[in-house]
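Here is the structure we will look at.
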Amino acid sequence: MKKVLMGNHAATLGAALARVQVVAAYPITPATQIVELIAEMSAKGTFPGKFLRVESEHSAMAALLGAATAGARTFTATSSQGLAYMHELLHWVSGARLPVVMVDVNRALAAPWNLWTDQTDSLSQRDTGWLQFYCATNQEVLDTVLMAYKVSENLLLPSMVMLDGFTLSHVYEPVDVPDQKAVDAFLPPFKPAAFLDVKNPGAFGSLETPKPYFRLRRRIAVDMDRAEALVEQVGADFERSFGRGYGAVESYRSQDADVSLVCSGAVGSTAKQAVDELRAEGHAAGLLRFRLFRPFPAAALKRLTRPDMKLAVVDRNYSPGHQGIFCEEIKASLYATERRPEVYGFVAGLGGGDITVELLKEIWHEVKAGTADPVSPLWMEEAR
Amino acid sequence: MKPSISVDELMTSGHQACQGCGATLTMRYALKGLGPETVVVLPACCWTIIAGAAPRCSIGVPLLHAPFAAAAAAASGVKAGLSARGDGRTTVMAWAGDGGTYDIGIQALSGAADRDEDIIYCCYDNEAYMNTGIQRSGGTPSGAWTMTTPGKEGSERPKKDLDAIMEAHRIPYIATATPAYPEDMVRKFAKAKTIKGFRFIHVLSPCPPGWKYDTADTVKLSRLAVQTGMFALYEIAEGRFKLNLNPAKRKPVGEYLKPQGRFRGLKPDAEAAIQAEVDARWALLSQRHARGT
């Protein structure tokens with residue numbers, strides 16, 4: 001059924017359709033409405049799971065550690081400082097191989113205080129062992145929550161689903177809310193192989209010596225290595241069930257492009273407009289939109305780029321002392337390729353600054369004209 | 001002869017505790033009271049080690065290790081997860097030391113108590129960070145030497161009154177226990193099991209290497225703590241206060257303090273101050289006992 005939903009409510013409906021069994025969450029702008037709607041649905045009896053109104057994000061993720069180890073399907077949502085506060089538990093949950101799914105509404109980190117969108121919060125959690133998906137529309141938010149459970153429960157690794165603060169979280173868009181029966185067929189109940197069971201007592205998370213610890217980490221690596229193909233496969237399965245397909249990286253008019261913008265999140269949809277306008281002006285422009293960031297979709301990147309295609313990577317995030325995080329990862333991933341495209345980095349829109357069609361076109365022209373710097377990122381501000 | 005507590009053991013030998021550890025006796029009695037339908041949630045504490053490294057485990061119930069600050073929250077989640085999967089019976093117990101309770105875990109503890117989560121939270125209190133090698137916690141009493149209160153005077157701050165903090169949360173059950181009184185302890189865990197909502201049990205758990213006494217004296221010190229009034233055995237069920245042991249004549253606190261090397265630097269006036277504090281506290285506890293609230 002088509003509904004007009006804000007991104008936050010699309011996330012909640014995704015969790016409800018996934019028949020989540022335990023939610024533990026704490027409010028934070030701009031993710032609060034996800035939790036509020038869960039509380040409201042819970043009170044009305046229309047949310048399938050138990051809702052724990054915990055006193056912090058650290059406890060939210062700790063509660064999900066407990067609930068998921070008990071074998072339940074779990075969900076939470078947070079943003080920015082809240083995600084940073086969870087950090088310790090993020091490592092714990094992936095190390096424990098628990099398929100928790102969390103929505104993170106991208107918001108800049110303080111200081112100074114800032115409420116608006118920026119990906120540094122989630123990208124700072126790059127090494128915690130969570131899959132990371134970046135969404136461009138509210139429809140994609142709902143759909144990705146469902147796909148994330150399917151992928152996570154196969155891999156036994158947790159997933160983080162990102163949407164842009166305010167730009168998506170508070171903006172209403174038409175969303176096709178799938179039928180519960182169709183979702184149940186796509187996503188059967190979670191059947192944990194091991195869980196806290198008084199009939200079969202065991203210890204979870206006990207001290208390990210270096211050799212078994214190393215091997216357990218190696219197993220995470222092996223499963224992460226198969227995750228990109230699995231994401232593609234689950235995206236194709238989703239298309240068969242619901243008519244909307246998703247890959248690890250979306251390519252838009254880039255087959256013959258001489259310069260492709262590389263974007264993620266809601267900027268990915270703005271960039272389509274920029275590409276269309278550039279094409280209309282006679283330029284060979286294209287777009288690669290990263291949906292998946294962890295595992296890094298190296299196979300898709302290799303498949304979708306050519307040595308004679310230049311990449312203009314737009315990062316709404318920054319690793320101080322280095323460069324935009326997508327840019328550094330793309331460069332590193334292409335390094336092993338014998339003939340690789342040139343990659344140029346642009347930092348834009350930190351703390352919620354607009355990344356407009358005009359700004360994206362300006363970025364595209366910087367690369368096309370050869371005025372961009374292949375080493376350091378250019379910091380781009382919207383002219384207004 | 002009928003034994004006064006269950007002969008069933010859910011804790012095994014071969015655990016990794018120090019000789020004379022009070023926390024092993026405590027777990028053994030706690031599980032006698034709770035039985036096999038129990039899940040234990042452990043934050044970082046001595047018991048992280050005592051439970052044993054993988055693949056071994058010294059207790060016969062499911063066990064979840066959790067980060068230091070997270071015991072009460074993780075236990076809340078376990079209870080919710082089990083209930084969501086149709087198991088409303090199993091008792092879930094968070095089992096934390098004083099560091100994980102008085103200090104780093106107090107936020108999660110307060111949150112879970114405030115939500116009246118249906119779990120038991122047991123703090124086995126050995127009055128310092130013993131697993132990391134004897135550093136002061138909020139549970140360390142005044143005058144006690146630790147590695148982070150190294151002067152002759154020991155800890156300059158008194159022990160935090162955690163029981164009062166927990167009572168302020170208006171939870172259905174609070175009890176204290178110590179391993180010299182096993183029947184009392186087993187009864188309290190068994191009673192806690194039958195109550196719904198947040199239950200808090202505070203156990204004074206002597207620690208030979210941290211308190212610096214002979215490993216044979218754990219039970220003796222545990223008993224002296226009660227006999228001198230340094231630690232009171234009581235319970236508060238639905239707001240009703242009851243002293244479980246009310247010695248007619250309390251022994252002087254020196255009998256408890258002197259055998260412990262951690263109080264070696266205690267001057268006579270400091271000991272007198274501790275005695276005065278215990279006397280004053282005991283007057284209040286006796287009043288509460290008489291009043292029943």
Side-chain angles (χ1 to χ4, degrees), chain A residues 19-24 26 48-74 76 85-93 95-96 98 100 189-190 192 194-209 212-213 216, chain B residues 10 16 35-44 48-49 51-87 89-92 94 104-115 117 119:
Chain A
R19 296 193 188 274
V20 164
Q21 291 168 297
V22 177
V23 176
Y26 187 76
K50 293 187 175 294
F51 171 51
L52 299 185
R53 199 176 48 231
V54 290
E55 83 299 330
S56 72
E57 291 89 352
H58 193 275
S59 284
M61 194 49 70
L64 297 193
L65 160 70
T69 313
R73 183 175 282 166
T74 57
T76 190
Y85 192 31
M86 274 182 193
H87 176 78
E88 179 189 24
L89 268 300
L90 299 184
H91 282 283
W92 200 290
V93 161
L98 298 170
V100 174
F190 174 46
F195 56 92
L196 293 162
D197 181 2
V198 292
K199 291 185 198 77
N200 180 26
F204 292 75
S206 303
L207 184 76
E208 284 285 18
T209 48
Y213 183 91
L216 287 168
Chain B
L10 281 163
Q16 311 223 319
E37 285 189 318
T38 304
V39 172
V40 172
V41 177
L42 275 186
T48 309
I49 304 303
R56 295 179 189 82
C57 186
S58 63
I59 56 173
V61 297
L63 167 63
L64 172 62
H65 291 273
F68 211 168
S76 305
V78 169
K79 185 67 190 179
L82 292 174
S83 304
R85 301 187 74 223
D87 172 8
R89 270 176 68 88
T90 296
T91 300
V92 179
I104 195 170
I106 198 167
Q107 174 183 304
L109 170 61
S110 175
D114 180 44
R115 296 189 302 274
E117 292 285 354
I119 59 172

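The sequence lines fix the lettering, A, B, ..., with proteins before strands; numbering per chain opens at 1. Both backbone and side-chain heavy atoms feed into the values below; hydrogens, waters and symmetry mates do not.
If you measure heavy-atom distances from A:E88 to chain B, the contacts under 4.5 Å come from the side chain alone. Heavy-atom distances place no part of A:P189 under 4.5 Å from chain B, backbone and side chain included. Both the backbone and the side chain of A:S56 come within contact range of chain B, each with at least one heavy atom under 4.5 Å from a heavy atom of that chain. When heavy atoms are compared at a cutoff of 4.5 Å, A:V22 approaches chain B solely by way of its side chain, counted from C-beta outward. For B:A80, the parts sitting under 4.5 Å from any heavy atom of chain A are the backbone and the side chain alike. Contacts between B:V41 and chain A at a heavy-atom distance below 4.5 Å are absent for every atom of the residue. For B:P67, the parts lying under 4.5 angstrom from a heavy atom of chain A are both the backbone and the side chain.
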**Message:** Evaluate B:S110 against A:E55 for side-chain hydrogen bond (donor to acceptor under 3.5 Å, both in side chains), listing each step before the verdict.
**Reply:** CA-CA 9 Å; B:S110 175; A:E55 83 299 330; over 6 Å; no
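Side chains of A:K50 and B:S83 form a contact here, defined as non-hydrogen atoms less than 4.5 Å apart.
Each of A:D197, A:V198, A:L196 was compared with B:T90 under the side-chain contact (heavy atoms from CB on, under 4.5 Å) criterion, and only A:V198 meets it.
Heavy-atom neighbours of B:R115 CZ from other residues, nucleotides or ligands within 6.0 Å: above the threshold of 12.
Highest contact tally toward chain B, considering only A:P212, A:G66, A:A96, is held by A:G66 [criterion: heavy-atom pairs under 4.5 Å]. Comparing A:A62, A:A72, A:G205 by heavy-atom pairs within less than 4.5 Å of chain B, the highest count is held by A:A62. Ranked by heavy-atom pairs shorter than 4.5 Å toward chain A, the options B:A73, B:A70, B:P62, B:C57 are led by B:P62.
Minimum heavy-atom separation, B:G60 to A:P201: O-CG, 3.5 Å.
Atom-to-atom distance recorded for A:L207:CG and B:I49:CD1 is 5.5 Å, nearest 0.5 angstrom. Here CG of A:L52 is found 5.5 Å from CD of B:E117. Values are rounded to the nearest 0.5 Å.
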